[in-house]
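Everything below concerns the one structure shown next.
Lettering follows sequence order; numbering is per chain, from 1. Everything numeric in this text was worked out from a predicted model, so none of it was measured.
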Number of protein chains: 2
Amino acid sequence: MQLLRVTVIVISLCATSTLASYWEDRAKLIKSDRSIAVGSSLVLNTKEEAANEVLMGYKFKEYDYGFANPGEFLPAQHFFKGKAKVERSEVFKIIKKLPKGASLHCHDTAIGSNEYLFNLTYKDNLYGCWKNGIYLLYFFNETSVGNDCDWQRLSTLRSSNESFDTFLKSQLTLVVDDPDSAYPDLNSVWSAFMGIFETVAGLLGNKDVWQEYLYQVLKELYDDNVMYLEFRGILPDMYDLEGNTYEGVQVVGIYYETVQKFKKDYPDFQGARYIYAPRRKVDNTTVDGYVELCLKFLELYPDFVAGFDLVGQEDLGYPLIDFIPQLLKLKDKGTKFFFHAGETNWNGESTDLNLFDAILLNTTRIGHGYAILKHPALYDVVKERKIALEISPISNQVLKLVDDHRNHPGSILIANNFPVVITSDDPSFWGSNGLSYDWYFAFMGMASRNEDLRFLKQLAMNSIEFSAMEEAEKEAAYSKWRSDWEKFVDDILVDTPTVINIR
Amino acid sequence: MQLLRVTVIVISLCATSTLASYWEDRAKLIKSDRSIAVGSSLVLNTKEEAANEVLMGYKFKEYDYGFANPGEFLPAQHFFKGKAKVERSEVFKIIKKLPKGASLHCHDTAIGSNEYLFNLTYKDNLYGCWKNGIYLLYFFNETSVGNDCDWQRLSTLRSSNESFDTFLKSQLTLVVDDPDSAYPDLNSVWSAFMGIFETVAGLLGNKDVWQEYLYQVLKELYDDNVMYLEFRGILPDMYDLEGNTYEGVQVVGIYYETVQKFKKDYPDFQGARYIYAPRRKVDNTTVDGYVELCLKFLELYPDFVAGFDLVGQEDLGYPLIDFIPQLLKLKDKGTKFFFHAGETNWNGESTDLNLFDAILLNTTRIGHGYAILKHPALYDVVKERKIALEISPISNQVLKLVDDHRNHPGSILIANNFPVVITSDDPSFWGSNGLSYDWYFAFMGMASRNEDLRFLKQLAMNSIEFSAMEEAEKEAAYSKWRSDWEKFVDDILVDTPTVINIR
């Protein structure tokens, strides 16, 4: 870990013995410590300083209340239990308004708010069927309904069973009253998690519904003051109710058109890019196919397809090492990688060894990288090459890597100014949305009590800096973000009530 | 964090593109990573290599079983739930036999096994009384019994109530079936924890019982293959049944004599030192008194009293900064410090700021230092001055800093070769004893899958190196330890059953 050296202070420490020199050394050492973290090199202007005072007034009050009442501290609670209280936090309210830049790690079918997702189940031609789980599918009319399962219109299921909606909602979310009992270990929560992806795949398999959904995803991010998106997807086949099917390049085209439509409607939104991220648990021949497809996408949509990744529970395989020849081929053709790697608390298993392959393959960013601090040989590479670590606080908690955000390695990565961005992963499935909830936990749970507006500003700037945007696009994004930022700072100063009252 | 730089590899990585060079770079990078951790610089001899194979056979089997069945992995479970299974682990059995060197962080009244502690409640003259908790006290005879409380002989309480023993046991331990419900937050577990200290103080306030207890403590450590002890204590007043009372220097003398008696009976035990560690939640005048006492102890028992510390739940105050003039006075007189500091997952509160004061006061070791990685300005100082961090895995779990040992900062400290020792804190109160349980969690939960016998050997050597022993004592301890180590290695090779079967 390449850090600011504090040798000068180290040397002087041994000499400390008078009270005056003690306080001087202490102040120096603490100042030196606080000059390292993410954002600490930024200098705020007068207005920003004033806004920072408002923010920190709320933060100190909330943080110190937690210090005195540790059971009440929200970053130490499960998100399912603390979410409503987070929404009442004044710090959260400020973060919601803050221009957060880009959202760089989320999966296409798991981004939109869960409420919106559920509303889609009222689509006319949607059918459901139970086969070790609920499956959803659209049929053009009664005669086209498949006979592979006992398909029934959702409207029929709803009217025949009062509790159907409650059941259906439960199939679209991991949220439960008692997550510890419902998901006793990592594999059980991943199993439920993967099940939701399957159910949602049916709900969004209809091209027209998908387009409506993606548009809404962009709108929700826009409303959460996020200006740009890079999203991963496995690229499923799609169909419409006229009997057309779409696959591969056509599906990328559908994504692209939807983003273009949104950008036309909201010209200050800076756009979106797609990371082709198919399932990892496949054989070599399948990955050969991925490579061909990916290269085709990059050729046809060079400004929209950002690069390649592989998805699925890393612990269950297959690691990157299984596909090195294929991945080297992509690398040689200039493909950018955005690999999931080290999303684990294991140390020395295939999951964290993925970090080595991701870095050897010159990955542009690392999805999660939760295990990176257990591998010091990688620190310098990550820092020197500015390989951003995509930290998803709520995801890591819900998917059972860590309970208390203060124990998340992000706390150490932030303290040491590693290149980080805060991301949302699959907010839909845990009742989150946008970026604000994850930013709240990074700010209140991972960053120190002292990290302030500079930290949040740096996170926003990092998200643009570490995106796959071209330089000219980044410039445009920065320019727009700067004006949003100024407006945000003004708004804080205008909005502040005289009495600060968190609870 | 001052680490091995891997610049050569960093540079070559970008050039990687052929398959052959890829594998070469990968091997180099992984090798470099594995050359950093605690113990990785040691070179094993042929016998040790053979013993290591036995150890690692068991470790890989147990670790990989956990990887496949994460809910079964013992370092991810609460100690109260997993303890019996730990005892069946072959890795644990080897660790029990391993000569572990010194035990450097534990509190005098909380070291002996809980079973032994309970047996002491059968002492003849012991009385109990209920006043918002059970209090214990010895009275010479019926007429000397105090009237400040409804004191009754324990034998009477026992015979009058069948469930009294169950109740009494519960007052001497934190162990419960469902710790998460019993102790919902850190303050609640600390409150119960402090209550046990009060109950036990009554049980051990009788000088003769205390001496018997301390002797047993040393015996249990000895049986767990620990050769030397440094223990903290608040130095309570004592009495005997002849009506004598003992305080201050006299109590230190009682401790010293007991250790001498044990050393006489077990000449290969290397001895013990006492760290005077009174309560921190007191005013300045009280600390003035601590200083005077401590200096007197050091003058009278320079080979037995190692130095000074302050105890009590750090989060509740008072931090070291409240007593700087007093502590500087001790420092000027050459007193060694062994400060508790940063036993917290807060960041930027008084508890982790204690780390700065401990280091500015030139502390010899740091008790816990759990928060150190959130303060990069301190890394170099800790490493260059070899300020050992006393890591107590089970304590940090039971006292609710972290649930899963894989998320303990110790995992990162170990990976980065920080100066660490593994310690037990208050094993009595959570049903542990000796050092083996804590070493097991460090080896299986914090160290990587690859850390092997060299890691354990280094831990043992660290415990001697970072002790307060004089150089000549250290030499003697090393010499004894080396012969124990050779015997241990031989024993592993002899004992190994043909079939390795963990569960």
Pairs of heavy atoms under 4.5 Å with chain B: top-ranked of Ala371(A), Gly66(A), Ser350(A) = Gly66(A)
Choice from Glu349(A), Arg34(A), Arg449(A) maximising heavy atom contacts with chain B below 4.5 Å = Glu349(A)
Any Leu360(A) side-chain heavy atom under 4.5 Å of Lys28(B) side chain | no
Let me know if Ala447(B) has heavy atoms under 4.5 Å from chain A in its side chain, its backbone, both or neither.
-> backbone
Return the minimal non-hydrogen interatomic distance between Asp33(A) and Ala377(B), and the atom names on each side.
-> OD1-N, 3.0 Å
What is the distance from atom CG of Asp185(A) to atom CG of Asn69(B), rounded to the nearest 0.5 Å?
-> 8.5 Å
How long is the gap from CG on Asn416(B) to NE2 on His375(A), to the nearest 0.5 Å?
-> 11.0 Å
Per-residue contact mode, Pro184(A) against chain B (heavy atom under 4.5 angstrom) = neither
Based on non-hydrogen pairs under 4.5 Å, which of Asn450(A), Asp404(A), Val402(A) is most in contact with chain B?
-> Val402(A)
Is chain B contacted by the side chain of Ile321(A), its backbone, both, or neither, given a heavy-atom distance below 4.5 Å?
-> both
Between Ala415(B) and Pro376(A), what is the shortest heavy-atom contact and its length?
-> O-CG, 3.3 Å
For Asp315(B), is it the side chain, the backbone, both, or neither that has a heavy atom closer than 4.5 Å to a heavy atom of chain A?
-> both
Contacting moiety of Ala68(B), where chain A heavy atoms sit under 4.5 Å = backbone
Mark yes or no for whether Asn407(A), through its side chain, and Leu401(B), through its backbone, hold a donor-acceptor pair below 3.5 Å.
-> yes
Among Gly348(B), Gly71(B), Ser448(B), which has the most heavy-atom pairs under 4.5 Å with chain A?
-> Ser448(B)
Once you round to the nearest 0.5 Å, how far does CG of Leu353(B) lie from CZ of Arg26(A)?
-> 6.0 Å
Output for pair (Lys374(A) NZ, Leu413(B) CG), nearest 0.5 Å, gives 11.5 Å
Determine yes or no for a side-chain-to-main-chain donor-acceptor pair under 3.5 angstrom, with Tyr22(A) supplying the side chain and Leu361(B) the backbone.
-> no
So, do Asp25(A) and Phe356(B) sit near enough that their side-chain heavy atoms are less than 4.5 Å apart?
-> no
Under 4.5 Å to a heavy atom of chain B? For Asp352(A) that would be neither
In terms of heavy-atom contacts, Asn347(A) and Met446(B) come closest through ND2-O, 4.2 Å
Residue pair Leu186(B) / Phe73(A), side-chain heavy-atom distance below 4.5 Å | no
Could you look at Asp357(B) and say if it's the side chain, the backbone, both or neither that has a heavy atom under 4.5 Å from chain A?
-> both
Given that the side chain runs from C-beta out, which part of Asp180(B) has a heavy atom under 4.5 Å from chain A: side chain, backbone, both or neither?
-> neither
Does NZ in Lys336(B) sit with more than 12 non-hydrogen atoms of other residues, nucleotides or ligands closer than 6.0 Å?
-> yes
